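Computed over heavy atoms, backbone and side chain alike; hydrogens, waters and symmetry mates excluded. Everything numeric here is computed off the predicted structure, so don't read it as measured data.
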Amino acid sequence: MTLQIGIIGTGWFSQVHADILAGTEGVKVQAFLGTSREKAEQKARAYGAASYGDLHEMLDAERLDAVYICVPPMSHGAIEEELIRRGIPFLVEKPLGLDTELPHALMGQIAEAKLLTSVGYHFRYQSNMDKLKELLKQQKTGMMLGRWMDSMPGVSWWRRQNGSGGQFIEQTTHLVDLLRYLAGEVEEVYALYGNRIKHEQVDGVEVADVGTVTLKLANGLAANISNTCVLPEGAGLSQTGLTFYTDQGVLDWSPQRLRAVRPGEQTEYLEQSNPYVKETEAFIHALRTGDSSRIRSNYADACRTQAVTCAALESAASGKPVRISY
């Protein structure tokens, strides 16, 4: 049986997912939903898919086995609620929203409906992530430092606080999620954010352009994740990764490679896999078989990452540490 998949959103990520789905055996990209039918048609044409500008119209007209949700943070809520009401499984791109209230409410509805979900924390699916987990189990970590240093995305919603939630919620959430995945749950955060450069260069910038967050984990590990979007655009300037300092040496991860350093010894593991492909394979497998064990981030788990990133925003606003409420 061919699985028919709908895609909500017409940005770059929707095309990444559509290309992978179109190349997956027994899967058809059936429909696109955009903020207008015209936008949806521009994407749908390449896949022989239908195009819609209204969610209910698409869901009424098509028999969809699942939906991929690829929309900005401020656009979540009504989409998920309607899919849950109709019992349609979905894969949703991070983050889950601008706050914790909406995701928490949706999580309850998902649990009640026993609905299959997946969340787009794709770094969890890297082959080097398996290797890093293996190495961390063999060592005792003292602390971890993370960094997401980049330029500011050009879309207008990203620079609005009520559009993206800010860099730590919209982008650096990937590193928070990996910290949880690799090292355990976060108990408390203390954050310092600032507006240094971008508000003077670009109209309408409301989000902080620098930030540093100290995180205390339940197991005692101390961590810090810092980010900025002040860098000028250009190849070679961005820095993204996690560095673990252990009793045996240093484990340094970036999206391109994992480096393990011990006294007199250094080993580098280049990333060979496409984590987006593995993410979709896990979701499609679950749709076909009911076995969700390959899905590495479902909605309930992603809510815990959302709780940490939103607590950091609260801490930056209050100037005080914030304990995480899951």
Side-chain angles (χ1 to χ4, degrees), residues 1-35 37 39-71 75-94 96 103 106-122 124-125 274-303:
M1 182 186 76
T2 298
L3 294 175
Q4 300 187 69
I5 311 296
I7 297 181
I8 299 177
T10 55
W12 178 74
F13 262 110
S14 68
Q15 186 169 331
V16 168
H17 287 302
D19 286 345
I20 293 170
L21 288 165
T24 302
E25 186 177 353
V27 174
K28 183 180 188 323
V29 178
Q30 182 68 20
F32 269 86
L33 172 67
T35 52
R37 185 183 291 272
K39 280 188 175 182
E41 172 60 26
Q42 291 174 9
K43 290 292 183 183
R45 193 179 300 119
Y47 306 96
S51 55
Y52 297 91
D54 179 80
L55 174 64
H56 293 87
E57 183 185 354
M58 180 180 79
L59 297 180
D60 287 343
E62 305 290 346
R63 185 194 63 78
L64 299 176
D65 295 292
V67 167
Y68 277 55
I69 305 172
C70 309
V71 300
S75 299
H76 291 288
I79 294 169
E80 290 90 341
E81 286 178 346
E82 187 60 22
L83 293 174
I84 295 166
R85 189 181 74 80
R86 295 177 184 242
I88 300 175
F90 60 83
L91 184 152
V92 57
E93 273 300 337
K94 42 50 64 190
L96 302 179
L106 291 173
M107 180 178 67
Q109 296 175 36
I110 289 166
E112 186 176 349
K114 296 182 172 59
L115 192 67
L116 177 69
T117 61
S118 177
V119 180
Y121 284 110
H122 66 284
R124 289 192 179 205
Y125 295 86
N274 182 337
Y276 293 109
V277 171
K278 293 171 69 176
E279 179 183 64
T280 277
E281 287 175 348
F283 186 56
I284 296 300
H285 173 77
L287 287 174
R288 290 196 182 283
T289 67
D291 172 21
S292 61
S293 62
R294 299 184 190 179
I295 294 176
R296 298 191 174 186
S297 177
N298 61 21
Y299 201 91
D301 187 81
C303 276

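- Summarising the geometry, atom SG belonging to C70 is positioned 11.0 Å from atom CD belonging to Q15; distances are rounded to the nearest 0.5 Å.
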Problem set entry | Verdict with supporting geometry, R86 and D60, side-chain contact (heavy atoms from CB on, under 4.5 Å) | CA-CA 10 Å; R86 295 177 184 242; D60 287 343; 2.9 Å; yes
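- For the pair F90 and L64, the minimum side-chain heavy-atom distance is 4.5 Å or more.
- Ring geometry for Y276 against W12 counts as perpendicular: the plane angle is over 60°, on a 0 to 90° scale with 30° as the lower cut.
- How far OH of Y121 is from OG of S297: 6.5 Å, rounded to the nearest 0.5 Å.
- Heavy-atom neighbours of R37 CZ from other residues, nucleotides or ligands within 6.0 Å: above the threshold of 12.
- Ion pairing of E82 with R85 is present here, as a side-chain N (NZ or NE/NH1/NH2) and a carboxylate O approach within less than 4.0 Å.
- Using a 4.5 Å cut-off on side-chain heavy atoms (C-beta onward), T24 and V277 make no contact.
- Under the salt bridge (charged side-chain N to carboxylate O under 4.0 Å, His left out) criterion, E41 pairs with R45, not counting sequence neighbours.
- For the pair L106 and G77, the tightest heavy-atom approach, listed with the atom from each and the gap, is CD2-O, 4.2 Å.
- Considering OG1 of T280 and CG of L91, their distance stands at 6.5 Å, rounded to 0.5 Å.
- Contact record, I88 with L115: O-CD2, 3.5 Å, taken as the closest heavy-atom pair.
- No side-chain heavy atom of N298 sits less than 4.5 Å from a side-chain heavy atom of S292.
- Listed by first and then second residue, the ring-ring contact (aromatic ring centres under 6.0 Å, His included) pairs involving residues 47-71 are H17-Y68, F32-Y47, Y68-F283 (not counting sequence neighbours).
- Residues A31 and M58 approach most closely at CB-SD, 3.9 Å, considering heavy atoms.
- No side-chain heavy atom of V119 sits under 4.5 Å from any side-chain heavy atom of D301.
- Of all heavy-atom pairs between V29 and A49, the closest is O-CB, 3.3 Å.
- The existence of a salt bridge linking D65 and R288 is excluded, since no basic side-chain nitrogen approaches an acidic carboxylate oxygen closer than 4.0 Å.
- Cation-pi geometry between R296 and Y125 is met: under 6.0 angstrom from the ring centre, within 45 degrees of the axis.
- Checked against side chain to side chain contact (heavy atoms under 4.5 Å, CB included), V71 has the following partners two or more places apart in sequence or in another chain: I8, I69, S75, H76, I79.
- In this structure, the separation between OG1 on T117 and CE on M107 is 10.5 Å, given to the nearest 0.5 Å.
- Residue R294 comes nearest to A282 through the heavy atom pair O-CB, 3.4 Å, listed as atom of the first residue, atom of the second, then distance.
- Contact of the E93 side chain with the V16 side chain is not registered, since no non-hydrogen atoms from C-beta on lie closer than 4.5 Å.
- The shortest side-chain heavy-atom distance between R63 and Q4 falls under the 4.5 Å cut-off.
- Between I20 and E279, every side-chain heavy-atom pair lies at or beyond the 4.5 Å cut-off.
- Note: T289 OG1 to I284 CD1 = 11.0 Å, rounded to the nearest 0.5 Å.
- Remark: side-chain polar atoms of S14 are paired, donor with acceptor, to backbone N or O of G9 under 3.5 angstrom.
- To the nearest 0.5 Å, atom OG1 of residue T10 and atom NZ of residue K39 are 5.0 Å apart.
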